[in-house]
Amino acid sequence: MNQTDVMDRMYRYQRYIYDATRKYYLFGRDTLINTMTITPGQHVLEMGCGTARNLIKLAQRYPQTAWYGIDASHEMLRTAQLKVEKGGYQSRIRLKQGLAEQFDYQKDFGLNQGFDRVFFSYTLSMIPCWQAALEAGLANTKPGGELYIVDFSDQRDLPRWFRHLLVWWLDLFGVHHQPELLPYLEKRAREGAGQLHVTSLGGHYAFIARFRKTI
C-alpha cells in the first residue's frame, strides 16, 4: 500500500472530526501563523495542508497573498476544498493532491518561480521519507525566502508519564518525533544553504524552525 492509500484509509472518516480533535495536541500551529512574516503579493505553500485549516486562517489575515496547499490524501482534500469554497477563498487558495517529496512548483501549479514562504505544520513527523520532503520544501523556496516548520519535539522538560502517553497516542496515527530533523537543518545551515532559528514551545513539547534560504 503506497503512502497516498495509507493516508486515505486513515482520514476517510477522521477528516470529519480532524480539526475539532487535533486542536488539543497540535500545539503551536497558531503560534506559527503569528510568527510567519507575510507581505502582499507573496506566494505561500503549505506542504501537508490537510483540511486547509491553516491556509484559511492565513488567507483571512492576509487577503492580498496567494495561497497553495498540497496533501497526500484525496480524502482530506475533499474536506479542504469544501471549506475553501464555503468560505469563498477558491480564487486565493489552490489545492492539489501529491506527495511532498515529489512536489515541483512548475509541474504542480504552473508557476515560473518558487515560493516566498513554504511551511510544514505537523507534517514531517508523518512522512516516512521526511528528509526528501524537507529537501523538496527547500528546493521550492526562493533564495531569500523562508521555510517554516512546527512539529513535535522530544518533550524533555515534561513528565515521563506524559511523554510515554503522547508517544503511544501518536503512534496510533503513524506520527513519530524525528530527532534527526533539527540536526539535519543545522547541517544544511552550516553548509551555507540558509540561516536557521529555532524556538522551543511548551517544555520542548514542540518547536518552530525558521530557515531563511540563501542559495
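Residue-environment remark: NZ (Lys107) exceeds the threshold of 12 foreign heavy atoms within 6.0 Å. Counting heavy atoms of neighbouring residues, nucleotides and ligands inside a 6.0 Å radius, atom CD of Glu186 exceeds 12 of them.
In terms of modelled atom types and a separation under 3.5 Å, the side chain of Asp151 and the main chain of Ser125 share a donor-acceptor contact. Between the side chain of Gln102 and the backbone N or O of Ala100, no donor-acceptor pair lies under 3.5 Å. Side-chain atoms of Asn140 do not come within 3.5 Å of backbone N or O of Gly114 as any donor-acceptor pair. A distance-only check finds a donor-acceptor pair linking the side chain of Thr123 to the backbone of Ser121 [under 3.5 Å]. The closest donor-acceptor contact from the side chain of Gln97 to the backbone of Ala72 lies under 3.5 Å. A donor-acceptor pair is defined here as one N or O able to donate and one able to accept, closer than 3.5 Å; such a pair exists between the side chain of Thr214 and the backbone of Ala193. No side-chain donor-acceptor contact under 3.5 Å links Asp171 to the backbone of Val167. Checked by atom type and distance alone, the side chain of Lys142 never pairs as donor or acceptor with a backbone atom of Gln113 at under 3.5 Å. Checking side-chain atoms of Arg188 against main-chain N and O of Gly194 turns up no donor-acceptor pair under 3.5 Å.
Using a 4.5 Å cut-off on side-chain heavy atoms (C-beta onward), Tyr105 and Tyr68 make no contact. The shortest side-chain heavy-atom distance between Gln131 and Glu180 does not fall under the 4.5 Å cut-off. Taking the side chain as every heavy atom from C-beta outward, Ile149 and Phe211 never approach each other to under 4.5 Å. Residues Tyr184 and Glu135 meet the side-chain proximity criterion, which asks for heavy atoms closer than 4.5 Å. Taking 4.5 Å as the limit, some side-chain heavy atom of Arg29 sits within range of a side-chain heavy atom of Arg53. The shortest side-chain heavy-atom distance between Tyr89 and Gln60 falls under the 4.5 Å cut-off. Within the 4.5 Å cutoff, side-chain heavy atoms of Leu185 are placed close to those of Leu182. Side chains of His197 and Arg212 form no contact here, defined as non-hydrogen atoms less than 4.5 Å apart.
Between Ala59 and Ile93, the shortest heavy-atom distance links the atoms CB-CD1, 4.0 Å. Closest approach of Arg61 to Ile33, counting heavy atoms only: NH1-O, 3.9 Å. Considering all non-hydrogen atoms of both residues, Leu77 and Cys49 come closest at CD2-SG, 3.8 Å. Among all heavy-atom pairs drawn from Phe207 and Phe152, the shortest one is CE2-O, 3.5 Å.
Classification of Asp71 and Arg78 as a salt-bridged pair fails, no side-chain N sitting under 4.0 Å from a carboxylate O.
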For a side-chain contact (heavy atoms from CB on, under 4.5 Å) check, start with the C-alpha distance between Leu55 and Leu95, then their side-chain angles and the critical distance, and finish with the verdict. CA-CA 10 Å; Leu55 289 173; Leu95 304 174; 4.0 Å; yes

Between Tyr148 and Phe120, does a ring pair (Phe, Tyr, Trp, His ring centres under 6.0 Å) hold up when you go through it step by step? CA-CA 6 Å; Tyr148 290 83; Phe120 294 86; over 10 Å; no

Check against side-chain contact (heavy atoms from CB on, under 4.5 Å), Trp67 and Asn54: CA-CA 10 Å; Trp67 305 96; Asn54 296 330; over 6 Å; no

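Checking Asp154 against His204 by side-chain atom types alone, no donor-acceptor pair falls below 3.5 Å.
Each of Val44, Leu45, Thr35 was checked for a side-chain contact (heavy atoms from CB on, under 4.5 Å) with Phe119, and the lone residue meeting it is Val44. Each of Thr39, Thr37, Leu147, Leu58 was scored for a side-chain contact (heavy atoms from CB on, under 4.5 Å) with Arg117, with one residue passing: Thr37.
The line from CG of Leu166 to CD of Gln155 is 5.0 Å long, rounded to the nearest 0.5 Å.
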